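Data first, discussion second: the structure below is written as structure tokens.
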Amino acid sequence: MDANLVQEAIQNVNLQAIMPSLVLCVFGMALLLVSVFTPRGKTSHVAWLSVVALVITGFVTLTAWNNPQAGFAGSVVLDNFATFFSMICIIAAALTILMSDEYLKREGYPVGEYYPLILFTTAGAMWMASGTDLMTIFLGLEVLSVSLYVLAGFFRRQTRSNEAGLKYFFLGAFSTGFLLYGVALLYGVTGTTKVAGIAEFVKTMPDLTSNLMFLAGAGLLITGFLFKVAAAPFHMWTPDVYQGAPTPITAFMSAGPKAAAFAAFMRVTIVSFDSIQTELVTVFWVLAVLTMTVGNFIALTQKDVKRMLAYSSISHAGYALIGMVAWNEVGWSGIMFYLLVYTFMNIGAFAVLVLVGKKGEDNLTLDGLAGMGYKRPLMGVALCIFLFSLMGMPPTAGFAAKFYVFAGAIKAGYIWLAIIGVMNSAVSLYYYLRVMVCMYFKDPQEDFSWVTMNAATTISIVIALAGVLLLGVLPGPFMEMAMLAVF
Amino acid sequence: MYSNLWLIPFFPLLGSIINGLVGKRIKSEKVIGGFATLLVFFSFLVACQNFFRLLGDNVKTHEIVIFSWMSVGKLQVDWGFLLDPLSAVMILVVTGVGTLIHLYSIGYMHGEEGYYRFFSYMNLFAFAMLMLVLGSNALVMFIGWEGVGLCSYLLIGYYIEKQSAGDAAKKAFVVNRIGDFGFLCGLFVLYWTLGSKGVWTFNFVEIAENAHLLETGGLVVTVVTLCFFLGACGKSAQIPLFTWLPDAMEGPTPVSALIHAATMVTAGVYMIGRMNILFAMAPSTMLTIAIVGAATAFFAATIGLAQNDIKRVLAYSTVSQLGYMFLAMGVGAFSAGIFHLMTHAFFKACLFLGSGSVIHGLHHAYHHAHLHDDPQDMRNMGGLRKKMPITFITFLVSTIAISGIPLFSGFFSKDEILWWSFGSTRGHWLLWLLGALAAAMTAFYMFRLVFMTFFGEQKTDARAKDHIPESPLTITIPLMVLGLLAVIGGYIGVPAILGGANHFHHFLDPVFGKSLHLFHIEAHGTHATEYTLMAVSVAVAVIGIFVAWVMYIKNPELPAKFVTKFAGAHKIVFNKWYIDELYDFLFVNPCKKIGTFFWRGFDVKVVDGIVNGVAWVTRGIGSGLKYTQSGYLHNYAVAMVVGVVMIVGFYVFG
Amino acid sequence: MEAILFYLTALVAIVSAIFVIKCRNPINSALNLVSTFICLAVLYIMLECPFMAAIQIMVYAGAIMVLVIFVIMLLNLGSIGKSSNSRGMAAGGVLAALMLLLTNAFLRRGDVSGTGGEVTSELIKSYGHTELIGKAMFTDFLLPFEIASILLLVAIVGAVIISKRDV
Amino acid sequence: MISVHHYLLLSAILFCIGIFGVLTRKNAIVIFMCIEVMLNSVNLTFIALSRHVGNMDGQIFVFFVMTVAAAEAAVGLALIIAFFKNKESVDVDDFNMLKW
Amino acid sequence: MADYLLSLIIFFPLLGMLFVLFIPRDNDGLLKGFTLVVSLVTFVISLPLAFDNIFATSGGMHYREFYEWINIGDYFQMNYNLGVDGISLWLVMLTTFIMPVTVLSTWKSVQKNTKGFMALLLLLETAMLGAFVALDLFLFYIFWELMLIPMYFLIGIWGGKNRIYAAVKFFIFTAVGSLLMLVAIIFLYYFAVESGVQISGFGVHDFYKLDLPYNAQYWLFLAFAFSFAIKVPMFPVHTWLPDAHTEAPTAGSVILAAVMLKMGTYGYVRFAMPLFPDALQTFIPYLAGLSVIGIVYGSLVAMMQEDVKKLVAYSSVAHLGFVMLGVFAMNQQGMAGGIIQMVNHGISTGALFLIVGFIYERRHTRLISEFGGLAHKMPIFATIFLIVTFSSVGLPGTNGFVGEFLALVGAFESNLRWFAVVATSGVIFAAVYMLWMYQRVMLGKVTNPANENLKDLSLREIAVMVPLLLFVFWIGVYPNTFLDKMNPAIEQLLNQMNNKQVAVVEVYQPVVAKLIEIK
């Protein structure tokens with residue numbers, strides 16, 4: 001073999017650029033081994049170890065802030081953008097793991113491998129966020145998806161969970177097909193799969209919009225991401241999967257992977273497709289409106305809180321898409337901030353649901369929550385704050401986040417979009433309020449005696465609460481970070 | 001020099017507050033009543049002092065500012081008092097008659113529940129009325145204006161358990177408010193019009209001084225004065241707003257005497273007098289006032305003919321007399337109007353108090369006999385002159401005075417009004433005719449009242465008839481004083497033609513002279529005409545008395561025949577021309593219907609309908625959209641492909 | 001000659017792909033799918049990518065399809081309803097046709113005139129296809145390669161967790 | 001002469017057949033196979049374009065697509081088995097417990 | 001002290017709320033007592049404002065506090081920007097004053113879940129105070145929306161039978177308006193940024209300086225006006241009010257009426273009107289028309305109500321019509337009348353709701369037909385009720401008159417004369433519905449045996465009412481205490497609006513085109 005080939009290969013390697021995911025994978029594999037030797041039901045230490053892993057990863061990730069690292073022949077770069085999204089995913093994963101242990105025991109699936117899978121998912125998410133080659137992004141996406149298929153179908157004796165896993169799997173694989181086809185077409189036009197390479201090529205092309213293959217490739221690629229983001233009309237898996245999957249996984253899915261999908265989506269569209277922004281933005285406009293509207297309107301009629309939150313998650317994707325429509329720094333960083341906030345508030349809400357659910361979670365309906373606020377006042381207050389944040393009420397973080405993306409849209413002149421957005425939030429008020437109506441304004445039917453607080457879940461709720469309030473009252477530094485993270 | 005003016009309203013206010021706050025704790029009625037009376041009496045003393053000071057003063061207009069009330073930019077309103085001949089006369093009447101009626105009430109209200117409340121209200125009324133007459137600007141006047149309305153409300157509704165009392169009180173206030181609406185509108189228009197000419201003021205003196213800025217007979221001044229007149233109508237029970245006054249008789253009799261005869265109801269007259277210059281500038285308004293006044297005088301008199309309730313007769317008589325006053329104001333006989341206001345205060349207060357004395361006696365008797373007959377119904381009376389001699393005499397004197405028999409006070413004032421209405425530059429013989437007819441009817445129904453009450457058979461229930469006492473001294477002293485005043489009160493204003501100096505007219509000249517002079521308002525005619533008219537008015541009064549005598553003393557069965565013969569007319573008159581019913585039909589019920597419609601129809605159906613409808617539609621859309629989420633994988637996949645086709649199609653074809 | 005081979009292979013590929021859908025019995029579908037895979041492998045060879053052809057046969061036909069057939073056998077699946085319903089059929093047909101139309105459109109108006117990369121038939125012949133793949137894989141695409149390993153690990157762990165009998 | 005367009009067209013046809021299969025078949029395993037057809041058509045595109053463009057990136061991509069296909073096959077089939085254990089069915093119309 | 005007095009006033013209740021959370025939930029007396037102390041202390045802290053003569057001499061903002069809060073370079077910036085002038089001064093005072101009264105009124109009426117109630121009350125106070133003194137639109141919006149949350153729970157948890165509907169309606173109705181305002185606020189900000197004007201954050205004073213072209217003003221004003229109109233509430237978006245008022249617990253109604261409705265009117269004065277003076281000119285006739293309709297309409301509907309509380313609620317619609325009419329008169333008298341009428345309405349209607357609360361506590365019904373003849377049984381109550389009634393009717397000498405009078409004078413002075421004439425007729429209707437209600441509830445014979453044994457007001461209840469009555473007369477007799485301090489501020493506001501109307505600059509047209517262009 002060529003010696004200089006080896007040399008070249010070694011030069012390409014920059015472990016700094018993948019350090020966070022590397023740490024996670026090492027921990028993940030180690031924990032897989034640990035869980036092999038873990039007796040049934042005694043998985044707590046695995047959970048805590050994975051939290052430790054995530055904390056370490058968090059620190060490692062933060063070292064990359066303002067210290068961008070590229071490597072592997074331009075297939076990955078750990079810039080501020082990637083760091084920001086990686087942090088979102090880490091936070092999501094950590095909060096999820098914290099609430100999972102007791103939950104898995106309650107539901108009868110105390111399986112150690114669960115945690116490494118989440119770590120791998122997070123790693124996949126990081127690759128999506130930091131990938132600058134469509135190949136890296138694609139593989140990151142697949143790592144993420146495959147683990148999520150498993151996690152969604154984790155309760156294998158439960159038909160609901162099976163169904164969630166299968167639906168997610170089939171539709172995910174289906175959308176992968178489109179995504180790949182898009183990549184293939186782009187590759188055909190530009191001869192490269194590197195994000196930057198595509199952008200480079202695009203600059204040299206005089207009339208891009210007449211190149212239908214490029215446009216179609218871009219469209220198909222976007223479709224793939226939109227599926228992960230759960231934008232209408234690619235959202236239809238979301239409610240079913242969110243409802244059927246184990247609650248912590250639902251929480252996780254709605255935050256981490258969604259953030260990762262947005263990361264990849266943003267990097268690819270913003271860097272590569274800048275020159276066709278007019279076309280893109282028009283589509284995003286329609287999709288954003290459609291997504292918000294569908295999510296909010298259907299959520300109005302839901303009785304199952306988990307499913308309702310799934311629809312709300314769709315609508316939040318719609319709000320975030322507004323930032324894409326804006327196509328300016330405010331909009332983009334708005335999305336990032338939004339996702340950060342959304343992570344806290346949504347996972348927090350799910351964490352409360354995890355606590356108050358009975359085994360089998362049949363009581364997570366609106367009626368089932370009747371009087372919860374009195375029986376469990378602290379949790380009630382926490383859930384209220386999360387819900388208010390989801391509504392976008394000041395002074396919670398949800399307001400700051402919405403403000404941010406709407407500001408982006410208005411800055412770009414999309415007044416009508418902003419108005420549709422706020423009107424949608426008005427619609428959404430109703431179903432969030434309805435939860436509180438049940439929690440406080442109705443007499444308790446359940447005694448909620450089964451609810452036992454446990455340290456881990458409580459910590460996750462407290463962290464989420466702190467996040468929601470901190471980001472609501474003092475959003476400045478975080479908004480600024482998001483602004484710095486945008487390319 | 002006049003700086004103690006503020007004491008005049010202050011004393012009653014103090015009395016009101018003290019009685020209101022601690023009266024409940026005071027067990028002794030004498031202390032409560034005495035205290036209240038004393039405070040009004042103090043006011044009277046201060047009023048007298050100021051009055052005499054003013055008599056001797058060359059400058060007749062004094063304004064005393066206490067402190068600033070509202071000051072916003074160019075709007076400056078002070079708590080200020082104005083002492084001029086007009087207000088001097090008024091404060092004397094108010095405090096004088098007020099003191100007497102307070103005194104009277106001590107006896108009359110004896111044993112009533114909420115005794116302290118009554119005196120607190122009465123004092124408050126005195127305060128408000130004094131504010132009204134003393135106010136140096138329209139707003140302070142308006143305080144009194146509304147304040148007397150409030151007290152009237154409180155006192156009419158004094159018997160809180162009586163449903164009718166409550167209704168009457170509310171009606172009084174609301175009708176007054178309609179007048180106030182006019183008053184306020186007029187005030188605003190005046191303020192703004194004068195203001196746009198550079199004079200932002202509510203002050204009477206300044207208004208009078210700057211009235212020339214307005215166009216004489218112009219739209220503005222006409223509108224303003226008409227608005228004011230509407231206010232006056234409300235307060236002084238003129239057509240079309242007179243309906244509250246008869247109902248107001250639900251209150252205790254002293255209240256009727258003080259508020260609904262002597263003072264408050266004359267506020268409208270006073271107000272027109274106060275703003276005479278504006279009215280003088282608006283001949284059409286003056287004409288309106290004269291017509292309304294004459295019509296009211298006539299119209300109320302007709303109703304008075306057929307009433308059986310002693311107080312109601314007096315009430316309609318009051319309305320009718322107020323009509324005279326307005327007639328006077330309308331034809332420019334300002335001082336005559338005020339003169340009549342004063343004499344009327346004397347004899348009408350006396351009449352009311354006398355009727356109160358009668359009622360008090362009957363009530364006492366019924367109470368003694370454990371009967372529940374109506375002590376106010378004249379058909380249960382008769383022959384009381386022996387039982388209650390003092391009451392009878394004072395009552396009779398006052399009746400003669402009101403009927404316009406010469407040498408009594410009513411004659412001078414009424415006659416002057418009739419003369420002006422005929423001979424004034426702003427008068428008309430038709431006005432005079434109406435007035436004269438009303439005078440005849442007045443004489444008739446008043447004597448009908450006297451005959452039915454004091455003469456003839458005693459128709460009181462046998463069990464009670466021997467227990468009717470003459471009233472105690474606290475009641476009879478005021479009667480006697482007022483009776484005396486009813487006789488002699490007119491002599492301060494004896495017209496020149498009868499050899500008098502008409503001091504009253506001259507005294508008020510600083511107030512009215514200017515407008516009379518500027519706008520050439522005067523009564524002209526030969527002495528012969530004046531004498532003739534005087535004779536005619538005396539004649540009609542005598543005829544009226546004679547007819548009453550024929551019908552109620554000579555042939556007591558005549559009225560019944562009369563009633564059967566003119567059943568329709570009697571019914572209409574007896575039912576007060578169905579005015580209340582008409583108003584119910586025209587205003588009250590439609591308002592209620594509209595209110596209900598707005599509420600049940602518009603608010604609930606339309607606005608909330610839209611609101612709930614939006615919510616319903618939204619949910620409906622949600623429920624519809626929800627079924628797109630069918631649970632079938634194929635549908636989801638189809639949706640995805642549709643999405644892809646749309647997006648890619650948009651790029652490819654778009 | 002090349003053209004005939006191409007058309008023939010293409011025809012077989014399409015027909016067997018259609019039969020994947022048309023067959024009522026999943027086993028038949030699977031066998032038809034294998035046939036498609038093999039046709040594609042032939043095409044890869046025609047495109048001078050022998051290594052890819054080999055992998056195609058090994059991974060797809062050899063590994064994945066064996067797994068699929070194994071599962072079919074394991075579950076002892078008979079033939080079940082072919083399509084959800086005729087409306088689904090129609091919808092699917094229409095959409096697929098639309099997709100085809102679009103694809104066609106952009107394929108026609110796509111600029112794929114070739115950018116003249118360094119990999120030519122000569123290079124493949126001289127350097128060797130497998131070597132080229134290897135070189136690219138371990139220099140430029142080292143990271144994706146490593147990620148792929150994690151992916152497979154995840155898949156294995158996942159498959160085990162989901163399908164093992166007890167915890 | 002067979003141009004790259006021929007290959008592209010063929011792959012497009014296969015892709016659409018795959019879509020059609022996914023949209024119409026009820027058997028989960030057949031649907032899975034149809035997805036494989038789609039992925040394969042993408043592979044064909046990649047390789048054809050790779051040769052046309054003249055670099056190896058496309059072929060490497062195919063390599064990874066195969067890896068992914070394998071991984072998905074493993075997980076997907078495991079999920080199907082798990083579902084089958086519960087419901088004795090692999091008909092996709094049978095998993096519609098979660099809806100609305 | 002003065003440097004951070006406003007912050008102290010705003011956040012003291014919040015601090016109190018945090019302490020409340022640590023009081024054991026079954027210790028009712030301590031909870032209420034502590035809350036009372038907190039609210040009283042807040043009032044005391046706020047007193048220096050009321051006594052500060054600087055408001056009488058200078059119309060600008062005083063007690064300014066300015067800290068950078070969120071600052072993201074060129075993209076956006078929000079500041080913690082507080083200040084109080086003669087206009088907001090009295091609303092702040094009203095809030096701090098009403099609060100202890102309200103807390104005192106809950107002594108008996110709130111038994112369930114006292115802790116939550118008290119905590120929410122204090123949170124509400126912070127939000128309301130914040131909204132009155134915030135000078136940064138963003139900050140204002142935060143407080144503005146924050147108010148909804150505690151109120152929602154107050155209505156929903158401690159409310160009457162139909163409370164859920166009322167609470168949700170209240171929340172969504174008011175939020176819809178404010179969301180539109182949010183869009184307008186952001187637009188305004190970017191407009192300023194794009195047009196290159198030097199601004200610091202969302203500071204309202206910077207926006208005052210902006211010369212917005214008419215078409216931008218038009219829409220922005222609509223958004224602001226709509227939001228505030230709902231809060232006021234103006235006809236025809238008033239229907240949340242009767243429901244919310246009727247269902248809310250007494251304390252909730254009092255605060256809602258006394259303070260929260262003022263948010264809307266205050267919003268007009270501080271934001272909607274001075275920011276968009278040109279558009280204002282266009283809309284004034286319509287808005288004034290709606291105000292006047294509100295007066296007559298509210299009165300007529302109030303007249304026919306069967307529920308005392310609903311009646312009072314509708315009367316609020318009418319009263320606030322006067323406020324709005326005064327404000328739209330755009331002259332010193334009208335403005336002053338409007339503002340003092342805000343305070344008046346707070347006091348009178350607040351007192352009325354307390355009164356309704358008193359009888360509700362005793363009888364657990366508010367239907368007029370259930371009552372009658374109470375005056376006999378409860379003489380003190382009857383007196384207080386009467387005074388408040390007449391204050392609400394606007395009897396001269398009470399506060400109601402001063403406000404209505406000034407507002408009407410102002411309206412007559414402006415070109416809203418005809419509206420003012422119609423509005424003046426409101427004085428008739430007010431008398432009708434209030435007195436009719438008073439008569440049916442208080443006068444006559446006791447017909448319902450349930451009313452036989454009603455107790456008169458307790459000492460506590462009298463203590464609740466006396467401060468309110470004090471102000472009824474104070475404002476009625478010597479309103480100058482209040483007027484003097486608001487005059488300079490009003491003058492400044494009017495100057496600013498009038499001067500702005502002269503300068504319409506076309507130069508920003510392209511910017512608007514860029515921003516308004518519908519994409």
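Keep in mind that this is a model prediction, so the values were computed, not measured. The basis for the numbers below is simple: all heavy atoms, side chains too, and nothing from hydrogens, waters or symmetry mates. Throughout, protein chains are lettered first and strands after them, A, B, ... in sequence-line order, and every chain is numbered starting at 1.
Atom OG of residue D:Ser3 and atom CZ of residue C:Phe6 lie 8.0 Å apart, to the nearest 0.5 angstrom. Taken to the nearest 0.5 Å, the CG atom of C:Leu43 stands 12.0 Å off from the CG atom of D:Asn43. The line from CG of D:Leu23 to CD1 of C:Ile21 is 9.5 Å long, rounded to the nearest 0.5 Å. Note that CE of D:Met33 is 9.0 Å distant from SG of C:Cys23, once rounded to the nearest 0.5 Å. Taken to the nearest 0.5 Å, the CD1 atom of D:Ile60 stands 6.5 Å off from the CZ atom of C:Phe141. The distance from atom OG of C:Ser29 to atom CG of D:Asn27, rounded to the nearest 0.5 Å, is 7.5 Å.
Looking at C:Leu67, the atoms closer than 4.5 Å to chain D (heavy atoms on both sides) sit in the backbone and in the side chain alike. Using a 4.5 Å cut-off between heavy atoms, C:Leu153 does not touch chain D at all. With a threshold of 4.5 angstrom between heavy atoms, D:Ile17 approaches chain C through its backbone and through its side chain. Proximity to chain D is limited to the side chain of C:Leu40, based on heavy atoms less than 4.5 angstrom apart. For C:Ile64, the part lying under 4.5 angstrom from a heavy atom of chain D is the side chain only. Heavy-atom distances place both the backbone and the side chain of C:Ala30 under 4.5 Å from chain D. For D:Val68, the parts sitting under 4.5 Å from any heavy atom of chain C are the backbone and the side chain alike. Only the side chain of C:Val59 comes within contact range of chain D, judged by heavy atoms closer than 4.5 Å. Using a 4.5 Å cut-off between heavy atoms, D:Phe63 contacts chain C through both its backbone and its side chain. Residue C:Ala63: no heavy atom, backbone or side chain, is found under 4.5 Å from chain D. Residue D:Leu10 touches chain C through its side chain alone, counting heavy-atom pairs closer than 4.5 Å. Interface remark: D:Phe64 contributes side-chain atoms only to the contact with chain C (heavy atom separation under 4.5 Å).
Side-chain contact between D:Arg51 and C:Ile124: present, with at least one pair of heavy atoms (C-beta onward) separated by less than 4.5 Å. For the pair D:Ile29 and C:Val71, the minimum side-chain heavy-atom distance is below 4.5 Å. Two residues are said to be in side-chain contact when any heavy atoms from C-beta on lie closer than 4.5 Å; C:Met52 and D:Phe46 fail this criterion. Two residues are said to be in side-chain contact when any heavy atoms from C-beta on lie closer than 4.5 Å; C:Phe51 and D:Gln59 fail this criterion. C:Phe145 places none of its side-chain heavy atoms less than 4.5 Å from the side chain of D:Thr67. For the pair C:Tyr7/D:Ile2, a side-chain contact is recorded, criterion being any heavy-atom separation below 4.5 Å from C-beta on.
In terms of heavy-atom proximity, C:Cys49 sits nearest to D:Ile47 at SG-CG2, 3.5 Å. Across all their heavy atoms, C:Ile162 and D:Ala78 have their closest contact at CG2-O, 3.4 Å.
Interface remark: of the candidates C:Asn32, C:Ile147, C:Ile133, C:Val94, C:Ile133 forms the most heavy-atom pairs closer than 4.5 Å to chain D. Looking only at heavy-atom pairs under 4.5 Å with chain D, the residue among C:Ile55, C:Leu74, C:Val20, C:Thr36 that has the most is C:Ile55. Ranked by heavy-atom pairs under 4.5 Å with chain D, the list C:Gly158, C:Gly93, C:Pro144 is led by C:Pro144. Among the candidates D:Ala73, D:Ala71, D:Gly21, the residue making the largest number of heavy-atom pairs closer than 4.5 Å to chain C is D:Ala71. With chain C as partner, the option from D:Val92, D:Leu39, D:Ile81 having the largest number of non-hydrogen pairs under 4.5 angstrom is D:Ile81. Chosen from D:Ile19, D:Val37, D:Asp57, D:Val62, the residue pairing most often with chain C at heavy-atom distances under 4.5 Å is D:Asp57. Heavy-atom pairs under 4.5 Å with chain C were tallied for D:Leu44, D:Val75, D:Val30, D:Val22; the largest tally goes to D:Leu44. Among the candidates D:Glu88, D:Glu36, D:His6, the residue making the largest number of heavy-atom pairs closer than 4.5 Å to chain C is D:His6.
For C:Phe19, the CZ atom counts as loosely surrounded, since its 6.0 Å shell holds 12 or fewer non-hydrogen atoms of other residues, nucleotides or ligands.
Under 3.5 Å, the side chains of C:Gln56 and D:Asn40 contain a donor-acceptor pair of N or O atoms.
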For this session: Would you please test C:His129 and D:Met56 for side-chain contact (heavy atoms from CB on, under 4.5 Å) and show each step?
Result: CA-CA 9 Å; C:His129 185 240; D:Met56 295 306 287; 4.0 Å; yes

